[in-house]
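What follows is one structure encoded as structure tokens, with my remarks underneath.
Naming convention: chains lettered A, B, ... in sequence-line order (proteins, then strands); numbering from 1 in each chain. A quick note: this is a predicted structure, and the numbers were derived from the prediction, not measured.
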Protein chains: 2
Amino acid sequence: MNRGNGGFNLPALRSHNTALVLDLLRGAGTRGLPGIGRGELAERTGLTPQAVSKITARLRAEGLVAEAGRGESTGGKPRTLLRLVPEAGHAVGVHLDRDELRVVRLDLAGQVVAERRGPLDFGAGPEAVVDEVVRAVRAAAPVGMAVPEGAPVPEGAPVPEGAPVSEGTVVPDGAAVLDGTAVLGVGVAAPGPLDRRAGVLGRVTGYPAWAGFALREVLEGRLGVPVLLDKDTNAGAAEAAVMGAGDSVYVHVGTGVGAGLCLGGEVYRGGRSGAGEFGHQVLLLDGPTCRCGARGCVEVLCLDAVARGDTAEAARVLGEAAANLVALLDVDRVLLGGRVVAAAPAAFVTGVGAVLAARALGPTTATVALAPGGVAEGAAELVLGPVFGRAR
Amino acid sequence: MNRGNGGFNLPALRSHNTALVLDLLRGAGTRGLPGIGRGELAERTGLTPQAVSKITARLRAEGLVAEAGRGESTGGKPRTLLRLVPEAGHAVGVHLDRDELRVVRLDLAGQVVAERRGPLDFGAGPEAVVDEVVRAVRAAAPVGMAVPEGAPVPEGAPVPEGAPVSEGTVVPDGAAVLDGTAVLGVGVAAPGPLDRRAGVLGRVTGYPAWAGFALREVLEGRLGVPVLLDKDTNAGAAEAAVMGAGDSVYVHVGTGVGAGLCLGGEVYRGGRSGAGEFGHQVLLLDGPTCRCGARGCVEVLCLDAVARGDTAEAARVLGEAAANLVALLDVDRVLLGGRVVAAAPAAFVTGVGAVLAARALGPTTATVALAPGGVAEGAAELVLGPVFGRAR
DNA sequence: CTACTTTGGCAACGCTGTTGCCGAAGTGCA
DNA sequence: TGCACTTCGGCAACAGCGTTGCCAAAGTAG
């Protein structure tokens, strides 16, 4: 993109509006609609119908958009519906958990078209894990994955619809992807803390061998496609942002307790991408000492309760902490995920929901639900997002 | 602006880039520099030098920008510095506190050029207070305050530099402001909760007569200029956003405890503009009951300590709650303001600072300071912000 | 069959930032 | 003092963006 520190020039204008249209088309597909008319696109973007016509004509020529029949007439010519061509591009998402690896391949519309899942020993160290990841990604996306660098949408490189994925085909760098569908990149979700920009892992509690490991760079070298790295909680929030719009908080309870914030339709990561430190929110002044050094953190309270088998208390603690976030950030929804939640989903949802209802300050209460998508899907969304104008 | 739901057209592009340039010019002035060269503007906006030349030429023709001498040569022609013309526009800020009224008039550069302050009985009810506000605003901005509606920057209406402010001059609606400087609007900061969009106050604790009062509409009718209404804490955060960039939290301790969030250079208000509910963050599970109905809120803990004269404990409570926010949102700075803080500033700054340092998770510690500007200045910033591309 | 409504493409247009060019105004060296 | 060099910044021509005006296509309603 040709934008510096906020300055917009004409190419940036074009790609911005194009991404906006694509985003609406994706949204229509996600909501189960057969397509969306040009008029509605114009109305919802604020652009004129003619501008939308030009943009969609370009997208159709590029193979990203196709016509999808006709809508009902409202007294005149019925609108021609448009839809995204899902197979025009794919993204791979990797969820690197402490004892499990899950890899998915999504099409442009966000549908899972391939999945690999298996046990993983995160403690085996970077080299062994990278090997395993490369193998799983190749299995989920068996295509010569070279793609024009830095080009989220392969402009001028029309992708043949539904072309067979031929294994082992290597497409020269910078060339059009002809023999298989374009793989836009790989998103990797890993336990935090980590440096998202540099693509380097931080000091994951209990796994010192990983500290400072440049996972993104190594994977890019092995796979030959762009790789993005982010915290697992942020990936969860990214998935939530796509599934249902609106501000939400993704609370993950696994080996630790973390959260991903989805504010204004985008994942909020903070200045140094360290936002979402939810587990070490102090909830009980002078309470039991946590491994972080502070006293009365959510994590120690919640996980102690889980260890005691007191799920109700764990849910109550989580609920109080979530209610703090809801009040502070004015979010609509709290989404729960992670292994501990998966072990007793109903108990957590009702327990957290009860606290949220009791703590509601205004007439509206934030809703609680299980996180609809997986973390691996959210990791893939890190790659798909920029195509649709999400995340900068 | 010609932008709908994110769609950008050419006029929007133009005003966006123009606002960006103005913002950089204001920033240079705020940092005490005599001006800024076109080259630097180009570099920092990402636009080409020629585009910056065109934009600044337009701004100079409109009287918003002027040349400001020359910089040092770096081996060639020395750059011609540019600066904002502060007197090209003014904004009025009103801080409506429970027992005090403060009104300031700022020029475009953010300097206070007039100030009125006096006692106020918020409990006297809307009518009496509105009368008082109108009187104070007229005193601080004694100009016929009609301005082309909805036009933050009076385009094509060159404002004569340094023209004398003639009292009582009424400029017909839609006409250029000729005889005085343009007053862009009035920002009003009031105790929350309130509906910012509608400009209607909510149920301010202890003042039922104000609930549902359409303050913005009434004031616009009386004053004849655009009026913006926001929570006092948001105004404080807005001022902080201008003074020093970066993410920060403005914590206000007065009759209640509240916070304004400044994320990514803008005030974050949340979906229903209810964000910043800091006072009722639960910090001590099952602690003393708060007036909000919950138990162990920051507000009840902090204000109880203040009532007992235990400033150190109040600061510690505030510090723990602030540390939660710092960890959650990854902000750099915590700013303290409000009457209780003003009574013992050093104790609060050191007390909060100590907790932040102890709770720091990474190598960096968030800094604490007294809020640099007042709430009234922040209220005026609500009006000035859009001119410089802040806040949508 | 005849209005009427709505969709959506074509062509001309205005305005945006960009490129190429050149004069202006300094510095540095012979 | 003179000349080469560097940097700044305006003028003119330009490419590309969304917009406007116009009209054919494809339905509905009477």
Item checked: Spatial distance of atom CZ (A/Arg38) from atom CG (A/Leu47) [nearest 0.5 Å] -> 14.5 Å
Notebook entry, point to check: Roughly how far apart are A/Asp195 CG and A/Arg216 CZ, rounded to 0.5 Å?
Noted result: 8.5 Å
Item checked: Closest-nucleotide 5' rank along DNA chain D - winner of B/Arg60 and A/Leu10 -> B/Arg60
Margin query: Just N and O in the side chain of B/Asn9: are any of them under 4.0 Å from OP1 or OP2 of D/dT19?
Written below: yes
Note to self: Closest-nucleotide mapping onto DNA chain D: is B/Glu67 or A/Thr48 further toward the 5' terminus? I mean the 5' end.
What the structure shows: B/Glu67
Check: Among A/Glu377, A/Gln111, A/His90, which one satisfies side-chain contact (heavy atoms from CB on, under 4.5 Å) with A/Leu106?
Finding: A/Glu377
Notebook entry, point to check: Which pair of non-hydrogen atoms, one from B/Pro78 and one from B/Gly71, has the smallest distance, and what is that distance?
Noted result: CB-O, 3.3 Å
If you restrict it to nitrogen or oxygen atoms, what contacts under 3.5 Å exist between nucleotides 25-28 of chain D and the protein, and what is each distance?
from   : atom 1 : to      : atom 2 : distance (Å)
D/dA26 : O3'    : A/Arg70 : NH1    : 3.4
D/dG27 : OP1    : A/Arg70 : NH1    : 2.6
D/dG27 : N2     : A/Gly75 : O      : 3.3

Checklist line | Value rounded to 0.5 Å, distance of CZ in A/Phe8 from OG in A/Ser15 | finding: 7.5 Å
Note to self: Taking the nucleotide of DNA chain C with the nearest heavy atom to each, does B/Ile55 or A/Lys54 sit closer to the 5' end?
What the structure shows: A/Lys54
Next item on the list: Look up atom CG in A/Leu229 and atom CD in A/Glu220, then write down how far apart they are to the nearest 0.5 Å.
Entry: 10.5 Å
Next item on the list: Heavy atoms of chain B, cut-off under 4.0 Å: which first and last nucleotide of DNA chain C, 5' to 3', fall inside that, if you could look?
Entry: C/dG14 to C/dT27
Checklist line | Nucleotide D/dT19, atom P - distance to CZ of B/Arg14 in whole Å | finding: 15 Å
For residues 19-29 of chain A, which side-chain N or O atoms pair as donor and acceptor with protein atoms under 3.5 Å away, sequence neighbours left out?
from    : atom 1 : to       : atom 2 : distance (Å)
A/Asp23 : OD1    : A/Arg26  : NH2    : 3.3
A/Asp23 : OD1    : A/Arg390 : NH2    : 3.4
A/Asp23 : OD2    : A/Arg390 : NE     : 3.3
A/Asp23 : OD2    : A/Arg390 : NH2    : 3.1
A/Arg26 : NH1    : A/Glu381 : OE1    : 3.1
A/Arg26 : NH1    : A/Glu381 : OE2    : 3.3

Margin query: Can you confirm whether B/Leu82 sits close enough to B/Glu67 that some side-chain heavy atom of one is under 4.5 Å from a side-chain heavy atom of the other?
Written below: yes
